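Quick one: structure below, then a few questions.
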Amino acid sequence: MTSPNIVYLDKHSAPRVQFSGDNLIEVDLPVGTRCIYPKPPLEPIKDLDAAIRYAITHPYGCEPLYAKLRPGMKVVIALDDISLPLPPMRTPDARERVLTIVLEMLADHGVEDIELIIALAYHRRLSDAEVERMVGKRIFDRFWPDRLYHHDAEDADAMLELGTTPEGDVVELSRAAVEADLVIYCNINLVPMDGGHKSVGVGLCGGKTLAAHHNPFVTRETASYMQPEKSHMQGIFDRIGRLVNEKVDIFHIETTLNNRMFDRNLDFLGKNPDEYTTREKLALRAVLFALDKCPTGLREEIFTRYPAPYGVTGVFAGATEPTHKRTIAKCYEQYCVEVDGQADIQVTGIPYISPYNVHAFLNPLLVQVMAQGYLHNLHRNKPLLKQGGTLIITHPCSDRFDHDQHASYVEFFHKLLPQTRDAIELHKRFEKEFSRNPAYIRMYRTGIAYHPNHPFYMWYWGERGRAWQGRCIVVGADNEYVPEILGYETAPNMTEAIRMAKETAPRDPQITSINFAPIMMTDVR
């Protein structure tokens with residue numbers, strides 16, 4: 001039986017609508033092309049506050065939160081940064097809803113020694129306004145900046161080494177978390193690779209621990225970031241996390257979201273164009289006209305003006321592994337579309353946003369992360385594209401970087417990648433030097449810049465996808481320089497890209513177009 005999320009194009013099919021960065025384009029694809037669309041959004045929880053209270057009083061694998069509390073104890077609450085969700089959700093943010101209820105319970109039990117830590121690892125710090133938006137004004141005014149602050153993985157005095165796993169991984173963690181009587185982690189689980197042991201063991205760790213799994217050797221051996229049992233990286237997260245759990249009492253509160261990425265003005269973007277209503281057809285024409293006439297900055301504004309109306313679909317709490325098991329299942333329920341067979345040629349639009357460019361332009365290195373990293377890995381069982389197949393992406397690949405957030409990316413992209421695209425060579429020759437750059441370190445610690453190691457991680461993140469895909473062809477690039485550095489080919493239009501892809505494909509190749517905005521996963525049979 002054919003899934004309602006999969007259609008095959010015929011001669012009467014409308015053009016497909018694809019993201020091309022901060023633009024939308026219509027493309028004509030060959031008759032017989034398989035097009036995969038996301039599932040409809042799951043219904044959100046009707047009474048979220050009640051669901052949060054129920055979860056923390058009926059946890060999995062441990063006693064209720066109230067039973068862990070006593071007057072005079074020290075509690076650290078850690079929470080995800082704004083790399084999740086994508087794009088930012090309407091306020092109140094799910095983290096504010098959880099924090100409000102947790103802080104009320106702490107107050108009811110006489111707990112006053114409380115610190116809130118934004119679990120950044122090597123991500124960028126948030127601006128004051130971003131922090132306030134995430135946690136709400138009341139919590140922000142009460143705790144910021146002395147008792148609500150960013151984790152600083154470069155502050156040696158604020159880190160504590162817990163020990164070493166049997167496999168030799170050095171585990172260092174936030175001193176505040178280790179010395180607390182209880183750590184409560186508030187998580188938004190946007191995709192299956194989030195949460196679980198990754199929350200504390202990565203979010204609050206230092207460089208020694210990140211080195212155990214954020215390296216090209218591990219990413220090469222990871223079959224899918226989104227299927228924990230097939231992820232070598234997740235296996236390392238788990239063994240580090242189990243050591244952390246031996247030393248630190250951690251209570252997880254995980255939330256899952258539906259895939260309602262766009263408000264009602266743009267929600268047609270997740271649908272098959274052949275099923276657009278008259279209103280949606282008019283809306284598409286209006287959006288295409290506006291985007292064509294607007295400069296880049298205003299194009300981005302069209303998509304970011306209205307925060308995403310995500311709905312919370314699940315709240316799960318308790319011990320790390322039994323809690324996360326329920327979270328993963330809920331993610332799969334929302335995202336996984338069953339697909340019969342792999343594709344010889346895959347067509348994918350690259351949208352304007354990733355976890356690492358909130359309020360910034362999607363620079364060339366992050367285009368690579370989306371194409372070879374996240375989008376390649378959004379699958380269960382096996383990749384949608386056959387090994388050695390051709391990926392066609394739509395994106396301008398502009399040579400543009402945000403110098404506040406991505407300063408170290410500029411040097412990595414323009415100085416290192418022209419020398420070599422080999423991830424292991426980059427790792428061995430340059431990563432240590434970058435990690436000690438005092439200017440980049442200062443920008444990470446005091447500004448809103450990613451750590452200087454982060455561009456290396458972004459290149460490693462695409463390692464498996466690059467090895468799997470035979471070719472990558474870009475449609476719509478505004479230059480040839482960036483695609484050449486990334487190892488991509490270029491085509492002036494989709495028709496030419498399909499012709500080029502067929503040169504190295506089997507006779508009568510299976511062509512598949514997939515929409516990843518809103519988020520979805522393929523479950524390839």
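In this text the structure is predicted, and so the values were computed from the model without any measurement.
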Spacing of SG belonging to C205 relative to CG belonging to L210, to within rounding of 0.5 Å: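 Going from the SG atom of C205 to the CG atom of L210 covers 3.5 Å.
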Residues forming a side chain to side chain donor-acceptor pair (under 3.5 Å) with E275, sequence neighbours excluded: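 So E275 forms no side chain to side chain donor-acceptor pair (under 3.5 Å) with any residue.
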With F401, the ring-ring contact (aromatic ring centres under 6.0 Å, His included) member among F361, F413, Y356, Y450: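 Looking at F361, F413, Y356, Y450, the match for F401 under the ring-ring contact (aromatic ring centres under 6.0 Å, His included) is F413.
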ring-ring contact (aromatic ring centres under 6.0 Å, His included) partners for Y306, two or more places apart: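 Not a single residue meets the ring-ring contact (aromatic ring centres under 6.0 Å, His included) criterion with Y306.
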Pairs involving residues 386-396, ordered by first then second residue, that meet side-chain hydrogen bond (donor to acceptor under 3.5 Å, both in side chains) (sequence neighbours left out):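 Counting only pairs at least two positions apart or across chains, the side-chain hydrogen bond (donor to acceptor under 3.5 Å, both in side chains) contacts touching residues 386-396 are D344-K386.
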Short side-chain to backbone donor-acceptor contact, S231 and Q227, under 3.5 Å: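 Between the backbone of Q227 and the side chain of S231 there is no qualifying donor-acceptor contact (under 3.5 Å).
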Exam field: side chain Q234 to backbone P228, donor-acceptor pair closer than 3.5 Å: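 Not a single qualifying donor-acceptor pair exists.
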Aromatic ring pairing H406/Y409, orientation class (parallel under 30°, perpendicular over 60°, tilted between):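 Tilted.
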Chi angles and distances behind the side-chain contact (heavy atoms from CB on, under 4.5 Å) call for L120, L126: CA-CA 9 Å; L120 294 178; L126 285 62; 4.1 Å; yes
Exceeds 12 heavy-atom contacts within 6.0 angstrom, atom CZ of R499: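 Counting neighbours around CZ of R499, more than 12 heavy atoms of other residues, nucleotides or ligands fall under 6.0 Å, so yes.
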Proximity of H232 and H213 rings by center, below 6.0 Å: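 For H232 and H213, the ring centres are not under 6.0 Å apart.
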Side chain to side chain donor-acceptor pair (under 3.5 Å) between Q372 and Q469, intermediate numbers included: CA-CA 8 Å; Q372 270 85 31; Q469 298 161 3; 2.8 Å; yes
Partner residues of D422 under the salt bridge (charged side-chain N to carboxylate O under 4.0 Å, His left out) criterion, sequence neighbours left out: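 Salt bridge (charged side-chain N to carboxylate O under 4.0 Å, His left out) check on D422 returns nothing, list empty.
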Test log, rule side chain to side chain donor-acceptor pair (under 3.5 Å), inputs Q18 and T348: CA-CA 7 Å; Q18 293 277 11; T348 301; over 6 Å; no
Heavy-atom donor-acceptor pair, T33 side chain to L9 backbone, under 3.5 Å: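 Not at all, since once roles are kept as given, no pair shorter than 3.5 Å links the two residues.
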Between Q346 and T512: side-chain donor-acceptor atoms closer than 3.5 Å: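 Checked: Q346/T512 side chains show no N/O donor-acceptor pair below 3.5 Å.
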Greater than 12 external heavy atoms within 6.0 Å of R429's CZ: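 Yes.
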CA sep, side-chain torsions, deciding dist, call: H359, E130, side chain to side chain donor-acceptor pair (under 3.5 Å): CA-CA 10 Å; H359 302 141; E130 288 171 332; 2.7 Å; yes
Y488: partners by ring-ring contact (aromatic ring centres under 6.0 Å, His included), with sequence neighbours left out: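 By the ring-ring contact (aromatic ring centres under 6.0 Å, His included) rule, Y488 matches no residue at all.
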Salt bridge (charged side-chain N to carboxylate O under 4.0 Å, His left out) partners of R466, counting only residues at least two apart: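 Partners of R466 by the salt bridge (charged side-chain N to carboxylate O under 4.0 Å, His left out) criterion, ordered by chain and then number, come out as E463.
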Residue pair D80 / N187, side-chain donor-acceptor N/O under 3.5 Å: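 Yes, a side-chain donor-acceptor pair sits under 3.5 Å.
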Donor-acceptor pair, side chain of E254 and main chain of G196, under 3.5 angstrom: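 Looks like yes, one N/O pair under 3.5 Å.
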Salt bridge (charged side-chain N to carboxylate O under 4.0 Å, His left out): pairs with one or both residues in residues 467-487, sequence neighbours excluded: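 Output for this query lists R471-E489.
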T255 and N189, any side-chain heavy atoms less than 4.5 Å apart: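 A side-chain contact under 4.5 Å is absent here.
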Test log, rule salt bridge (charged side-chain N to carboxylate O under 4.0 Å, His left out), inputs E280 and K271: CA-CA 10 Å; E280 290 168 338; K271 292 176 57 177; 2.8 Å; yes
Side-chain heavy-atom pair V17, N515 within 4.5 angstrom cut-off: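 They are not in side-chain contact.
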Main-chain N/O of P216 paired with T219 side-chain donor or acceptor, under 3.5 Å: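 Side chain of T219 to backbone of P216: a pair is present.
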Side-chain (N357) to main-chain (S354) donor-acceptor, under 3.5 angstrom: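 Yes, the answer is positive, given that a donor and an acceptor are paired below the 3.5 Å cut-off.
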Plane angle bin for F434 and F412 - parallel if under 30°, tilted between 30 and 60°, otherwise perpendicular: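 Perpendicular, since the angle between the ring planes exceeds 60°.
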Charged N-O contact under 4.0 Å between R124 and D81: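 No.
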Q334 (side chain) donor-acceptor with T256 (main chain) under 3.5 angstrom: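 No; zero donor-acceptor contacts below 3.5 Å.
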Partner set under ring-ring contact (aromatic ring centres under 6.0 Å, His included) for F516, not counting sequence neighbours: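 None.
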H12 and D274 side chains, donor-acceptor separation under 3.5 Å: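 Result is no, nothing qualifies.
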Gap between atom CG of L417 and atom CG of L365 - 0.5 Å precision: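 Taking CG in L365 and CG in L417, the distance rounds to 6.5 Å.
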Exam field: side chain D267 to backbone G270, donor-acceptor pair closer than 3.5 Å: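 Between the backbone of G270 and the side chain of D267 there is no qualifying donor-acceptor contact (under 3.5 Å).
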Donor-acceptor pair, side chain of N437 and main chain of P452, under 3.5 angstrom: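 Between the backbone of P452 and the side chain of N437 there is no qualifying donor-acceptor contact (under 3.5 Å).
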Salt bridge (charged side-chain N to carboxylate O under 4.0 Å, His left out) partners of R421, counting only residues at least two apart: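 Listed in chain order: nothing, the list is empty.
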Heavy-atom side-chain contact between V475 and I393 under 4.5 Å: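 The answer is no, as the side chains (C-beta and beyond) never meet within the 4.5 Å cut-off.
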Sequence-distant partners of D523, side-chain contact (heavy atoms from CB on, under 4.5 Å), two or more places apart: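 Once residues adjacent in sequence are excluded, the partners of D523 under the side-chain contact (heavy atoms from CB on, under 4.5 Å) criterion are C336, E338, R380, N381.
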Test item: V131 and Y149 side chains (from C-beta on) under 4.5 Å apart, heavy atoms: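 Answer no - side chains too far apart.
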All ring-ring contact (aromatic ring centres under 6.0 Å, His included) counterparts of Y276, not counting sequence neighbours: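 For Y276 the ring-ring contact (aromatic ring centres under 6.0 Å, His included) partners, ignoring immediate neighbours, are F268.
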Verdict with reasoning, S13 to D10, per side chain to side chain donor-acceptor pair (under 3.5 Å): CA-CA 5 Å; S13 297; D10 59 34; 3.3 Å; yes
Aromatic ring proximity Y122/H454, centre distance under 6.0 Å: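 No; H454 has its ring centre 6.0 Å or more from that of Y122.
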Salt bridge (charged side-chain N to carboxylate O under 4.0 Å, His left out): pairs with one or both residues in residues 83-94, sequence neighbours excluded: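 Listed by first then second residue: D93-R95.
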pair E333-L42: side-chain heavy atoms closer than 4.5 Å: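 E333 reaches L42 side chain to side chain.
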Any E43 side-chain heavy atom under 4.5 Å of T313 side chain: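 SC-SC contact between E43 and T313 ruled out.
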Residues I448, M443; criterion side-chain contact (heavy atoms from CB on, under 4.5 Å); working and verdict: CA-CA 7 Å; I448 57 166; M443 294 179 74; over 6 Å; no
Side chain T222, main chain Y225, donor-acceptor under 3.5 Å: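 No; judged by distance alone, with no hydrogens or angles, the pair does not exist.
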Pair L148-I118, side-chain contact (heavy atoms from CB on, under 4.5 Å): steps then yes or no: CA-CA 8 Å; L148 166 59; I118 302 170; 4.2 Å; yes
side-chain contact (heavy atoms from CB on, under 4.5 Å) evaluation trace for I139 with T100: CA-CA 8 Å; I139 295 172; T100 298; 3.8 Å; yes
Sub-6.0 Å ring centroid separation between Y440 and H451: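 When the ring centroids of Y440 and H451 are compared, they turn out to be at least 6.0 Å apart.
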